[in-house]
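Residue numbers count from 1 along this sequence.
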Amino acid sequence: MWAKHGVTVAEANEALEDPDRVLIQPDYNSKSGSSDRVIGYSRSYGDLLSVILVRHQDTLYGSNGWRSNSKDRAIYSEGSQS
């Protein structure tokens, strides 16, 4: 799924390490409630990324990531101003 969206795991990891990242728990699109969304900046990608993490037995796994849409950009902007 990563390649489909043109995001590498390394780029997603940079977004997860962004000190200004925003965690949405659970992800607002999660039907099961078992995934989280992190919005963060990836330096090597050069833009904001939305990364989906799935919880399984108390461990988080990276599931997917893509360039953040306008909704996630607004959430990130609001979060970084807090």
- Query: Between Asp36 and Asp27, is a side chain to side chain contact (heavy atoms under 4.5 Å, CB included) present by the stated rule, with each step listed?
  - Reply: CA-CA 4 Å; Asp36 300 337; Asp27 174 26; 5.6 Å; no
- Message: One thing to verify: whether Asp18 and Arg43 come together as a salt bridge, which I'm taking to mean a side-chain N less than 4.0 angstrom from a carboxylate O.
- Response: no
- Message: Does any part of the side chain of Arg55, heavy atoms only, come nearer than 4.5 Å to the side chain of Ser35, both counted from C-beta?
- Response: no
- Item | Smallest separation among heavy atoms of Arg21 and Tyr76, with atom names | CA-CE1, 4.2 Å
- Which atoms form the tightest heavy-atom contact between Ser63 and Val54, and what is the distance? CB-CG2, 3.6 Å
- Start with the C-alpha gap between Tyr61 and Ile52, add the side-chain angles, then the distance that decides, and say whether side chain to side chain contact (heavy atoms under 4.5 Å, CB included) holds. CA-CA 8 Å; Tyr61 297 93; Ile52 303 301; over 6 Å; no
- Message: Could you report the tightest heavy-atom contact between Ile39 and Ser68, atom names first, then the distance?
- Response: CG2-OG, 3.7 Å
- Carboxylate-amine/guanidinium contact Asp72 Arg67, below 4.0 Å: no
- Message: Applying side chain to side chain contact (heavy atoms under 4.5 Å, CB included) to Glu14 and Tyr41, what does each step give before you reach the verdict?
- Response: CA-CA 7 Å; Glu14 286 180 359; Tyr41 184 78; over 6 Å; no
- Query: In a check of side-chain contact (heavy atoms from CB on, under 4.5 Å) between Ile75 and each of Asn69, Ile24, Leu48, which one passes?
  - Reply: Ile24
- Query: Any side-chain heavy atom of Asp47 sitting closer than 4.5 Å to one from Glu11?
  - Reply: no
- Where do Gly79 and Val22 come nearest, in terms of heavy atoms and distance? CA-CG2, 4.1 Å
- Worked check of side chain to side chain contact (heavy atoms under 4.5 Å, CB included) between His56 and Ser34: CA-CA 8 Å; His56 178 69; Ser34 64; over 6 Å; no
- Query: If you look at every heavy atom in Ala15 and Leu49, which pair is closest and at what distance?
  - Reply: CB-CB, 4.0 Å
